[in-house]
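So the structure is just underneath, and the comments pick up after that.
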Amino acid sequence: MSDVGTVETMQRDEAAGELEWLAGEIARHDRLYHALDAPEISDADYDALRRRNAAIEARFPDLVRADSPALRVGAPPVEAFGKVAHAVPMLSLDNAMADEDVVEFIARIRRFLNLGEGDPVAISAEPKIDGLSCALRYEDGLLVRGATRGDGTTGEDITANVRTIFDIPQRLAAEGDPPALLEVRGEIFMHHADFQALNRRREDNGDPVFANPRNAAAGSVRQLDSRITARRRLRFFAYAWGEAEPAIDGSYSAFLDRLERLGFNVNPLRRLCRTAGELVEYHREIASMRHELGYDIDGVVLKIDDIALQRRLGFVGRAPRWAIAHKFEAEKVETRLLEIRIQVGRTGALTPVAELESVTVGGVVVSRATLHNQDYIEEKDIRVGDIVTIQRAGDVIPQVVTVDVDRRPEDARPFIFPDHCPECGSLAIRPEGEAVRRCTGGLVCPAQLTERLRHFVSREAFDIEGLGRKQVPQLIEAGLIREPADIFRLARDRGTLDRLESLDGWAEKKVQKLVKALDERRRIGLDRVIYGLGIRFVGETNARLLARHYGSLEGWRSAMLQIGTSDEEALAELNGIDGIGPRIVEALREFFAEGRNVEVLDALTGELQVEAVAMPNGDATPFSGKTLVFTGSLAMSRAEAKARAEALGAKVAGSVSKKTDFVIAGADAGSKARKAAELGIDVLSEAQWMEMAATS
Ligand code: IVH
């Protein structure tokens, strides 16, 4: 191994050659030791290799390799993480809670793909790791960047940190034939044993302990000092890809095999299944062994194996149509209900919240759980002092599920639901037929105001760095903000900034950062503006639908003003948007009927440069911004035709009108094709459409 000359007399080319050899050799021993538990050399010999590497690097600093083993121990701390834009968004998964949801998942896919009875569809199943996702970029086989998921579009640059993780290769192994570019995605997580050891060390040092392995992994990855990350024993399972050149084709299971050959750990429990029955059985088996795995999983992930089919299936909102997370049943625990408090939400909803004797559920300490609404408490006859069972599943808020009436204390009295808002004293009314009682105080109610502004600055909305949940009430209290526009006005004059600086926790530097963060958000997509307004039922997906349909701020605003006056034609257009149901239409009508809301919107947009929503494929196509109507019987399922059209930037309508640009007529097209001809609209055959779509 090291019957080699001294470093002092070494030649450049000799040094380069040996550094290359050392990088490979040390990585191999790291893997033998850490991943396979089968070291081939003694610790002393291993240390000698590392020392030699360090000595050569010290003499030839310009020869330090991107995959240098020295980087494994971390680099000096940075002040903040850089931002990384994900060229391919990092998405989330829809959940299946029950077996029937899996059956429906398969059925939906079969319908979408128009598969016949006999056509099999293979599905790859694997555990869902409870960690945090990460994207690793390899150029010519070398790790050049690691990034967190962030909001799915932009993450944080954690390159120095991921370099310290032994499961993450610095250089892809030749056996896997490294491509020119490959972004490998997967989960960073921590084994139970490492988590417990870490917490013991922290306890000994008087540091606060982590609640669960997931938090410990997240805390370790987000260390500005990667030398700390290096000591944390993080693991990585690879399960997806982002950008790749050449493109990844074939099957997902073959891709996983290749990831293994490239040097990654891939979950050994993965299995290829062919029917819903096999998938349900897989879920049952994995659930039964979950506590023996040594790391946390919270379900299984099911993915269509054929990558060409994955492409055809595409995405809905933020989740792929071709995958689903089949979650495990929620964990349940008993505890005592100490008090019931009423929380007032963004839209004025009064939600009863149970204050509990603290208990650990699924690795997290819980001291509060939702009681949903008045009827829920009454139907279950839940009283203060009762022993209740609570459950917590995934990211959802813990909830009270049952009450043990037999163990009820004698003095327990039924809860009287208030008819006035506990925050502002306004009347709280419960409309006939609705489950929720609402405060009528609007923005006069401090709770509603706070929650609306919190929603506005949240990650999925304006995502303003340095201004989060915690700071909002403080700025309201100080009289600095009352509506969204005020947030952007903070940066306007010196006087306001001085007042901000005088507040607790707002040093000059923090204020400067906020000003910068605000400037970064002045250019913002219409979908985020719509979502940020916090209109009832208008979540991210609906906000995006609206933004795409109306195209520009002006287009959307004027249509909504007409909605506010119940204009028939505008209502018909809104109702015609696929995915927008009557509840949303009514919520938008109510919102825009209120002049004050329009003022709030205008004041806000006066501070911004609102951008149209970028089309998924970026470039313009012959169908960009056009309205298409499909009619007759098509070879492609309607759902797939619609998804394809939308991916090309088109909108799909259900009926032909003056606003229709193209009608795609399948076999036996009837009245719609005739109407199109009357109106002089272009009618395409399915074959013509497929050809135009394929070349766009
Ligand atoms: S696939 C396009 N596979 O679950 C979807 N995700 O709920 C790509 N996760 O953000 C995700 N284990 O952080 C996939 N085996 C697995 C996973 C997994 C854990 C996480 C991942 C993702 C989240 C979605």
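In listed order, ligands and their atoms are each counted from 1.
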Just grab all the side chain to side chain donor-acceptor pair (under 3.5 Å) pairs involving residues 139-150, residues at least two apart or on different chains.
->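 Non-adjacent pairs meeting side chain to side chain donor-acceptor pair (under 3.5 Å): Arg137-Glu139.
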Mind telling me whether Phe328 and His283 have parallel, tilted or perpendicular rings, with 30° and 60° as the class edges?
->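 The arrangement is tilted - the two ring planes meet at 30° to 60°.
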Phe236 vs Phe264 aromatic rings, parallel, tilted or perpendicular, using cut-offs 30° and 60°?
->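 Correct class here is tilted.
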Pairs under 3.5 Å, nitrogen or oxygen of ligand 1 with protein nitrogen or oxygen:
residue, atom, partner, partner atom, Å
ligand 1, 3 (N), Lys303, NZ, 3.0
ligand 1, 4 (O), Lys128, NZ, 3.2
ligand 1, 7 (O), Lys128, NZ, 3.4
ligand 1, 12 (N), Ile129, N, 3.0
ligand 1, 13 (O), Ser133, OG, 3.3
ligand 1, 13 (O), Glu187, OE1, 2.8
ligand 1, 13 (O), Glu187, OE2, 3.4
ligand 1, 13 (O), Tyr239, OH, 3.3
ligand 1, 15 (N), Glu126, OE2, 2.6
ligand 1, 15 (N), Pro127, O, 3.2

Answer yes or no on whether Arg583 is positioned over the face of Phe537, meaning its NZ or CZ is under 6.0 Å from the six-membered ring centre and within 45° of the axis.
->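 Output yes; distance and angle both within limits.
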Taking ring pair (Phe, Tyr, Trp, His ring centres under 6.0 Å) as the test, write out the residues that go with Tyr531, two or more places apart.
->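 Partners of Tyr531 under the ring pair (Phe, Tyr, Trp, His ring centres under 6.0 Å) test: His455.
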Using ring pair (Phe, Tyr, Trp, His ring centres under 6.0 Å) as the criterion, list what pairs up with Phe81, not counting sequence neighbours.
->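 Listed in chain order: nothing, the list is empty.
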